[in-house]
Amino acid sequence: MAASFLGTEKIWFDKCKYDDAEKQYYERLSQKSAPNSQSQSAAAAPGTNGENSELLSRVASLEYENQSLQKVVKDLQSAISKLESRVTTLEKSSTSQATAPPPVIVCKLPAPTPALSCPPAAALQLKPEEDDDDDDDDIDLFGSDEEQEDSEAARIREERLRQYAEKKSKKPGVIAKSSILLDVKPWDDETDMAKLEECVRTVQMDGLVWGSSKLVPVGYGIKKLQIQCVVEDDKVGTDTLEEEITKFEDYVQSVDIAAFNKI
């Protein structure tokens, strides 16, 4: 009966074995974690040493700066004290000068001069020859020289003015010039354009300079001659230039001014 009861009852008879095994397991875990903690502490030690050295260097630099600032403050205090002493001395000297009485000026008058004795009347009488000498002394002997110098200076000034006027009149003035672009049109497409340009360039005048040229198509195979020239306005007129070019009737039909610009 008892055996059957024990068979149906649930009892853990091997609990002590399991407790021992659990204990051994946790001991092994603790042994493995101990070296890791030691290595971490060893690794952390150099970091703390570096931080300590950095703090020490910063403290040393702060102490050095503090000493330099203290020195500067002392120099400023000494300079301020010197300035205060100078200001006080200046104030004292100014007050002493203001309170001092004005200086007394003593003037010494010269001694009276003795009375002059008049010479006798006979001594005042002059001979006629001496009077003639005094009249000669009054004559200005240099008046004629000054007049000659004035006339010479006026002559030199007039000569220089005349030379300046001649030089200014000979100076060339500004020449007015114009740049003209001419359109020279032929009769038809059979006109020899090279011969036409040669005829145009044969026109020569004083103040006329021919420039570059080119052929510009007009239409139907016809080309016109565009030629550049520079003229002096006072010497060459556009009408005269057109008349001279249109004299070549065999080649030139008409002449037009394409562009006109002042230079």
Side-chain angles (χ1 to χ4, degrees), residues 90 93-94 97-98 100-184 197-214 226-248 255-263:
L90 289 172
S93 62
S94 62
Q97 290 178 0
V104 179
I105 299 172
V106 179
C107 296
K108 293 183 178 180
L109 296 174
T113 56
L116 297 175
S117 59
C118 295
L124 295 175
Q125 294 179 357
L126 298 176
K127 295 180 181 180
E129 294 179 358
E130 293 179 356
D131 293 340
D132 295 337
D133 294 338
D134 294 337
D135 295 337
D136 293 337
D137 293 338
D138 294 336
I139 297 172
D140 188 5
L141 300 176
F142 301 98
S144 59
D145 295 338
E146 290 180 357
E147 291 176 357
Q148 290 178 0
E149 290 178 359
D150 293 339
S151 61
E152 184 68 19
R155 187 185 63 79
I156 293 171
R157 183 172 63 254
E158 290 177 358
E159 182 67 21
R160 289 180 180 177
L161 290 172
R162 185 181 61 79
Q163 291 176 0
Y164 176 74
E166 291 178 356
K167 186 177 180 182
K168 190 174 181 181
S169 62
K170 292 179 181 179
K171 185 177 180 181
V174 179
I175 301 172
K177 295 182 180 181
S178 301
S179 175
I180 304 174
L181 181 64
L182 298 174
D183 284 345
V184 183
E197 182 179 355
E198 183 180 352
C199 293
V200 170
R201 289 185 182 274
T202 56
V203 177
Q204 298 293 330
M205 298 180 186
D206 186 15
L208 172 63
V209 179
W210 293 106
S212 60
S213 63
K214 65 179 180 178
Q226 274 193 352
I227 187 166
Q228 187 85 22
C229 66
V230 177
V231 299
E232 294 182 11
D233 296 343
D234 295 337
K235 296 180 180 180
V236 181
T238 56
D239 296 336
T240 306
L241 185 60
E242 290 178 4
E243 289 176 0
E244 292 293 328
I245 295 173
T246 53
K247 286 181 180 180
F248 302 100
V255 179
D256 296 326
I257 297 174
F260 186 92
N261 297 314
K262 290 286 186 181
I263 298 176

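Numbers here are sequence positions counted from 1.
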Note: Leu182 and Cys229 closest approach over all heavy atoms is CD1-SG, 4.4 Å
Flag, side chain of Trp210 to backbone of Ile227, donor-acceptor distance under 3.5 Å:
no
With rounding to the nearest 0.5 Å, note down the distance linking CD in Glu244 to CG in Asp239.
12.0 Å
State, yes or no, whether a side-chain contact exists between Ile257 and Glu242 at a heavy-atom distance under 4.5 Å.
yes
Could you tell me whether Glu158 and Arg155 have a side-chain N and a carboxylate O separated by less than 4.0 Å?
no
Of all heavy-atom pairs between Ser212 and Arg201, which one has the smallest distance, and what is that distance?
C-NH2, 4.1 Å
Verify the distance criterion only: is there a donor paired with an acceptor across the side chains of Ser178 and Asp233 at less than 3.5 Å?
yes
Tell me, yes or no, whether the heavy-atom count around Arg160 atom CZ, taken from other residues, nucleotides or ligands under 6.0 Å, exceeds 12.
no
Looking at Thr202, Val200, Val184, which hits side-chain contact (heavy atoms from CB on, under 4.5 Å) with Phe248?
Thr202
All side-chain hydrogen bond (donor to acceptor under 3.5 Å, both in side chains) counterparts of Gln226, not counting sequence neighbours
Asp183
Looking only at heavy atoms, which two atoms of Val236 and Asp206 are closest? And how far apart?
CG2-O, 3.4 Å
Quick one: salt bridge (Lys or Arg N to Asp or Glu O under 4.0 Å) partners of Asp234, sequence neighbours excluded?
none
To the nearest 0.5 Å, what is the distance between CG on Asp256 and CG on Leu181?
11.0 Å
